[in-house]
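See below for the structure under consideration.
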There are 2 protein chains.
Amino acid sequence: MNNNQVLNERSLQLLKALVERYIQDGQPVGSRALSKDTELKLSPATIRNVMADLEDMGLIRSPHTSAGRVPTVSGYRLFIDSLLTVKPLDSEELKLLRKNLIAKDNVNDVIGVASRILSDVTRMAGVVTLPKRAMVSLRHIEFLPLSNTRVLVIFVTNEQEVHNKILHTSKQFTPAQLQQAANYLNSVYSGLSLAAVRKAVLKELKDAQEQMNREMLDAVQMAKLALDPGKSDEDYVLSGETNLMGFSELSDMERLKELFDAFGQKRGVIHLLDQCLNAEGVQIFIGEESGYHAFEQCSLVTAPYSINEQVVGVLGVIGPTRMAYERVIPFVDVTAKLLGAALNPKT
Amino acid sequence: MNNNQVLNERSLQLLKALVERYIQDGQPVGSRALSKDTELKLSPATIRNVMADLEDMGLIRSPHTSAGRVPTVSGYRLFIDSLLTVKPLDSEELKLLRKNLIAKDNVNDVIGVASRILSDVTRMAGVVTLPKRAMVSLRHIEFLPLSNTRVLVIFVTNEQEVHNKILHTSKQFTPAQLQQAANYLNSVYSGLSLAAVRKAVLKELKDAQEQMNREMLDAVQMAKLALDPGKSDEDYVLSGETNLMGFSELSDMERLKELFDAFGQKRGVIHLLDQCLNAEGVQIFIGEESGYHAFEQCSLVTAPYSINEQVVGVLGVIGPTRMAYERVIPFVDVTAKLLGAALNPKT
DNA sequence: GCTGGCACTCGTTGGGGTAGAGTGCTAATA
DNA sequence: TATTAGCACTCTACCCCAACGAGTGCCAGC
């Protein structure tokens with residue numbers, strides 16, 4: 001009997017069965033139950049030996065002496081990365097997605113629908129970040145005079161979204177001047193991503209103060225003010241948080257409060273989600289992997305979504321570590337793709 | 001001993017002491033504790049007699065035979081309406097309010113701050129409705145062409161807030177036509193409340209289809225589309241919900257879920273808050289008085305706030321029935337007044 | 001009308017005993 | 001050498017019960 005033997009086929013099969021069984025009914029899994037679950041005709045005693053090995057490797061643990069075993073975070077990780085057999089998407093779910101995830105006038109509405117579908121279908125919490133401002137591109141910008149030194153700037157982006165902001169300018173502009181400034185900006189920067197516009201604007205201000213004509217300088221100055229990164233970059237739409245109240249893993253009020261506080265703060269959650277912006281497809285944080293204490297009992301299944309093949313945001317599902325990954329993962333994946341499609345401008 | 005005797009001075013004094021004591025430490029109050037609490041030098045036995053009377057009148061009840069008494073909703077109601085001695089506002093709290101509740105560019109920011117202060121100071125949940133669209137008045141309206149039949153309408157209201165909306169028009173307009181339409185609307189309707197504008201617009205459309213010139217009719221038509229009641233009328237900013245998780249009254253997960261679901265739905269809460277729009281000052285719902293099952297264990301202390309002496313919204317505090325009314329009531333009152341002040345345009 | 005005394009009720013707490021689930025270890029087996 | 005049966009052991013969950021304490025209602029006396 002070698003303790004540090006590499007994981008063989010049989011051990012993996014048993015680990016898989018154990019995780020599946022535990023996910024299914026939430027009770028620690030004992031050797032007898034496992035012996036009945038698998039096709040391998042093994043006696044509970046043999047399985048106990050294997051389980052002892054798995055425990056040595058840190059893949060499972062037992063809550064106390066006379067309970068069965070439960071997966072550790074490493075156990076879940078191995079299960080998800082190598083053992084999981086994902087289930088194809090339920091056709092009902094797909095129908096629901098296709099029916100509801102269609103273009104709307106308002107980006108926020110689409111995002112809201114996506115979030116709600118995520119939570120309704122999984123019966124956990126759904127989350128969708130707003131498209132990163134810097135990632136979307138400028139379609140049109142316009143200035144409207146409000147009063148003496150206050151100017152309303154309006155810009156439309158390629159996701160058909162209208163943003164507005166009030167600027168306090170250092171001097172007074174005539175409507176004609178504002179019109180001219182807008183014309184200049186539209187002709188030069190239309191089509192570029194806001195990040196690119198912002199970068200170019202800062203460069204222009206630095207380089208060419210002397211050579212530019214007065215009107216253009218004003219225009220660039222205002223563009224700089226207008227494109228200050230908005231707080232929408234730190235926002236998301238969360239749905240079905242209350243679904244999480246039903247799970248026994250989160251029945252501790254202290255923990256639950258901490259989790260909901262994190263939802264309210266947004267900062268931490270956004271930071272976590274941003275880490276998935278550059279992932280290829282679905283990415284998963286299991287329990288403490290997220291690095292946030294509030295999420296210790298939770299897993300997060302995420303996928304980035306794109307507009308015009310440019311990743312602009314992330315969506316995902318938050319639930320207890322013990323969740324039906326084989327169903328959630330493909331669902332999150334497809335939802336991200338369809339959300340991207342719904343946000344893509346037709347023109 | 002007459003059961004249905006009118007409440008005399010002494011009974012009221014004892015009821016007051018009982019409610020205060022119960023609010024303070026959350027345990028059913030017994031006759032002995034009450035005998036020590038009050039100045040009236042009465043023996044526990046006498047107090048028991050009075051308590052029996054109060055119970056007959058439905059003002060207090062005992063959870064079980066050998067526990068003390070707790071106030072019923074009627075008991076709280078009587079206490080609040082007639083017996084409560086409100087405490088003057090803590091000077092620290094007032095300072096906090098004055099410091100943070102100042103005009104901002106963005107109405108939502110001010111509302112958010114108000115909500116947060118309400119929850120931070122009371123350590124319960126704070127809620128502030130967004131200003132009712134219909135109640136604020138129109139300052140300026142503008143149309144921008146987007147594409148063929150899509151027009152962006154922008155209007156600024158007297159709370160310095162900018163609203164925008166995309167209209168799908170039946171025909172195509174030139175920029176000049178749009179400009180003319182905006183000019184017409186601004187000259188005729190500027191300064192009126194949105195509700196008034198909407199009413200006038202509908203009237204114009206009905207009455208004078210024939211006599212109006214074409215451009216004005218278009219303008220009015222677009223104004224009608226633009227002023228469709230927005231969903232902002234059904235929105236509020238909630239803060240500190242998680243504070244409610246600490247209270248033993250709400251430790252039942254079922255109940256808590258129901259409450260948080262209600263917060264998420266918004267409809268019910270808005271309906272409840274709207275009932276306070278026409279109240280003179282602070283209004284209070286105790287427990288089941290609200291008529292909503294989810295709020296059965298909660299009280300709601302509200303006050304309307306105004307811009308230019310026109311009531312436009314409501315704010316309040318949500319907490320367990322057992323809350324320190326004598327401090328919450330004046331605090332909500334003052335916060336409403338200061339929020340109104342912060343929203344009032346200077347000009 | 002108030003009070004002291006008393007019997008009674010009921011929830012809470014903690015101890016003890018048992019049943020059940022599951023383990024680790026050892027010795028036997030293929 | 002890998003697997004299995006058997007067995008002693010451990011630990012939790014549950015129930016029962018007794019003791020305790022808080023508080024009540026009622027009555028008799030002041």
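Hydrogens, waters and symmetry mates are skipped; everything else that's a heavy atom, side chains included, is used. Letters go in sequence order (proteins before strands), and every chain restarts at 1.
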Margin query: Closer than 3.5 angstrom, by distance alone: can the side chain of S82(B) be matched with the main-chain N or O of F79(B) as a donor-acceptor pair?
Written below: no
Checklist line | Cationic N near anionic O, under 4.0 Å, E296(B) to R255(B) | finding: yes
Notebook entry, point to check: Name the one of E249(B), Q24(B), Q297(B) that satisfies side chain to side chain contact (heavy atoms under 4.5 Å, CB included) with R322(B)?
Noted result: E249(B)
Notebook entry, point to check: Between atom CZ in R21(A) and atom P in dA21(C), what is the gap in whole Å?
Noted result: 13 Å
Notebook entry, point to check: With respect to the phosphate group of dT3(D), does any side-chain polar atom (N or O) of T46(A) fall under 4.0 Å of OP1 or OP2?
Noted result: no
Next item on the list: May I ask you to decide if the ring planes of Y292(A) and H271(A) are parallel, tilted or perpendicular, using 30° and 60° as cut-offs?
Entry: perpendicular
Next item on the list: Assign each of P63(B) and L42(B) to its nearest nucleotide of DNA chain C by heavy atoms, then name whichever residue's nucleotide is nearer the 5' end.
Entry: L42(B)
Next item on the list: Measure from the side-chain N and O atoms of S74(A) to the backbone N and O of L59(A), and report whether any donor-acceptor pair falls under 3.5 Å.
Entry: no
Checklist line | Gap between atoms CZ and C1', on R10(A) and dT4(D) respectively (whole Å) | finding: 12 Å
Notebook entry, point to check: For L34(A) and dA21(C), what is the distance between atoms CG and P respectively, to the nearest whole Å?
Noted result: 17 Å
Note to self: Using modelled atom types and a 3.5 Å cut-off, is there a donor and acceptor pairing between side-chain atoms of T129(B) and backbone atoms of V314(B)?
What the structure shows: yes
Notebook entry, point to check: Which parts of nucleotides 20-30 of chain D does protein reach within less than 4.0 Å, heavy atoms only, written one letter per nucleotide 5' to 3' as B for base, S for sugar-phosphate only and - for none?
Noted result: --BSBBB----
